[in-house]
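Reviewing the structure listed below.
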Amino acid sequence: MKRIFLFQSIIFVLGVLTITSACTKKEIMQVPGTVTKTSFGLMPDSTQVNLYTLVNRSGITMKVTNYGGIITSLMVPDKNGNPADIVLGYDSLSGYLKATPYFGALIGRYGNRLAKGKFTLDGTEYILAQNDGPNHLHGGVIGYDKVVWEAEDFKTDSAVGLKLHYLSKDGEEGYPGNLDITVTYTLSDNNTLTFDYTATTDKATPVNLTQHSYFNLAGSGDVKSHELMIAASKYNVVDSTLIPTGELRDVKGSPFDFTTVKPIGKDLVAAGGKPIGYDHNFILDTKSINDLAVRVVEPTSGRIMEVYTDQPGVQFYSGNFLDGTITAKGGNVINQYNGFCLETQHFPDSPNQPEFPSTILKPGEKYHTTTIYKFSAK
Ligand code: BGC
């Protein structure tokens with residue numbers, strides 16, 4: 001009798017397990033050409049945050065949350081069609097709320113650094129947070145990576161996407177003017193991911209918006225064997241706090257020469273810095289968004305990422321500050337050089353360096369910039 005009961009119990013438990021796993025599978029089943037919205041949790045003030053799963057018709061699935069416009073996951077097939085998640089991030093909202101080196105996030109109002117946390121515009125000095133040593137970094141203490149954006153998903157015959165909107169109030173993080181921003185992420189069936197940024201203001205203000213995804217085209221490990229090409233014959237020389245000295249130096253014959261393809265790790269130590277590695281704005285030779293700005297190839301998986309942009313620069317950051325203190329998705333510890341960023345943007349500290357291309361948006365003008373990441377494998 002006891003044995004029969006035990007047998008029945010085992011059958012019951014197995015049955016429950018099968019049903020549960022079938023449901024889980026159904027939940028994560030991705031339908032090509034769709035966007036699905038689920039809850040990603042609540043902010044400390046109870047604001048609802050969502051997670052949008054965008055599935056294109058060519059094998060890419062991207063998850064984006066309207067908290068910081070963060071791309072939490074990007075599943076891209078390798079040369080054999082096997083997908084891997086190629087961006088660093090957390091499993092849950094609480095991870096992003098606790099501490100993050102800007103994993104996957106939208107950055108603003110001014111991406112990159114402003115020296116000593118200040119700038120002067122039309123005779124007025126604006127004082128901002130010094131949240132990176134003596135400098136202001138990525139929009140301050142609560143930059144656009146840490147706010148909840150309004151989001152609207154969409155699909156077309158050849159793409160899926162998410163439109164994000166945020167009104168950054170006059171005085172927020174010390175910046176002048178109400179900045180009304182719309183950022184659209186479009187994942188096409190050609191495996192391009194397009195970031196389209198527009199903004200208007202009611203007072204003159206510096207604007208430098210960018211995207212801070214950390215990529216690892218192998219899905220794990222360090223990125224030193226990724227092969228990189230950057231179409232830039234000059235870069236901004238920086239001081240010890242990563243503020244440009246004003247010198248635009250030729251990359252020729254230096255560790256910063258990526259005009260012909262080479263592994264990221266080849267001259268990484270020679271690039272110097274503290275911590276060692278690349279954290280520099282490369283000045284693009286490209287004339288328009290039609291020209292290839294950056295190409296990265298991961299030789300084992302065959303995954304390829306290409307960048308096209310209308311911006312004058314790209315910050316190539318080799319994940320130097322990652323130091324093993326973050327446990328990210330799937331319990332993975334994130335170590336130095338486990339991911340790289342390609343932040344298309346204007347030069348750092350432009351509002352304080354009049355000889356750099358201007359980043360000032362005036363009332364009546366429209367800020368509009370586009371960057372495309374294109375994925376493939378061979
Ligand atoms: C900066 C790095 C910084 C990183 C994350 C990058 O854009 O260039 O210096 O450590 O963002 O904080």
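In listed order, ligands and their atoms are each counted from 1.
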Tell me which protein heavy atom sits closest to atom 6 (C) of ligand 1, plus the residue, atom name and distance to 0.1 Å.
H212 NE2, 3.3 Å
Provide, to 0.1 Å, the distance between atom 10 (O) of ligand 1 and the closest protein heavy atom, together with that atom's residue and name.
F321 CD1, 3.1 Å
So do the side chains of T72 and Y90 get within less than 4.5 Å of each other, counting heavy atoms only?
no
Among Y67, Y52, Y166, exactly one meets ring pair (Phe, Tyr, Trp, His ring centres under 6.0 Å) together with W149. Which residue is that?
Y166
Y102: numbered ligand 1 atoms lying under 4.0 Å from its heavy atoms:
5 (C), 12 (O)
Does the pair D250/K234 count as a salt bridge with the N-to-O cut at 4.0 Å?
yes
Do you know which of F103, Y102, Y337 makes ring pair (Phe, Tyr, Trp, His ring centres under 6.0 Å) with Y214?
F103
Can you pull out the closest protein heavy atom to atom 3 (C) of ligand 1? Residue, atom name and distance to 0.1 Å, please.
R113 NH2, 4.0 Å
Output yes when the distance from some N or O of ligand 1 to some N or O of Q315 is under 3.5 Å, and no in every other case.
yes
Protein contact of atom 7 (O) of ligand 1 - nearest heavy atom, named by residue and atom, plus distance
E343 OE1, 2.7 Å
Sort out for me which residue in T182, D196, D310 forms a side chain to side chain donor-acceptor pair (under 3.5 Å) with H368.
D196
Give a yes/no verdict on whether any heavy atom in Y214 is under 4.0 Å from an atom of ligand 1.
yes
Can a salt bridge be assigned to the pair K37 and D153 using a cut-off of 4.0 Å between side-chain N and carboxylate O?
no
Residue and atom name of the nearest protein heavy atom (relative to atom 9 (O) of ligand 1), distance in Å to one decimal:
D279 OD2, 2.4 Å
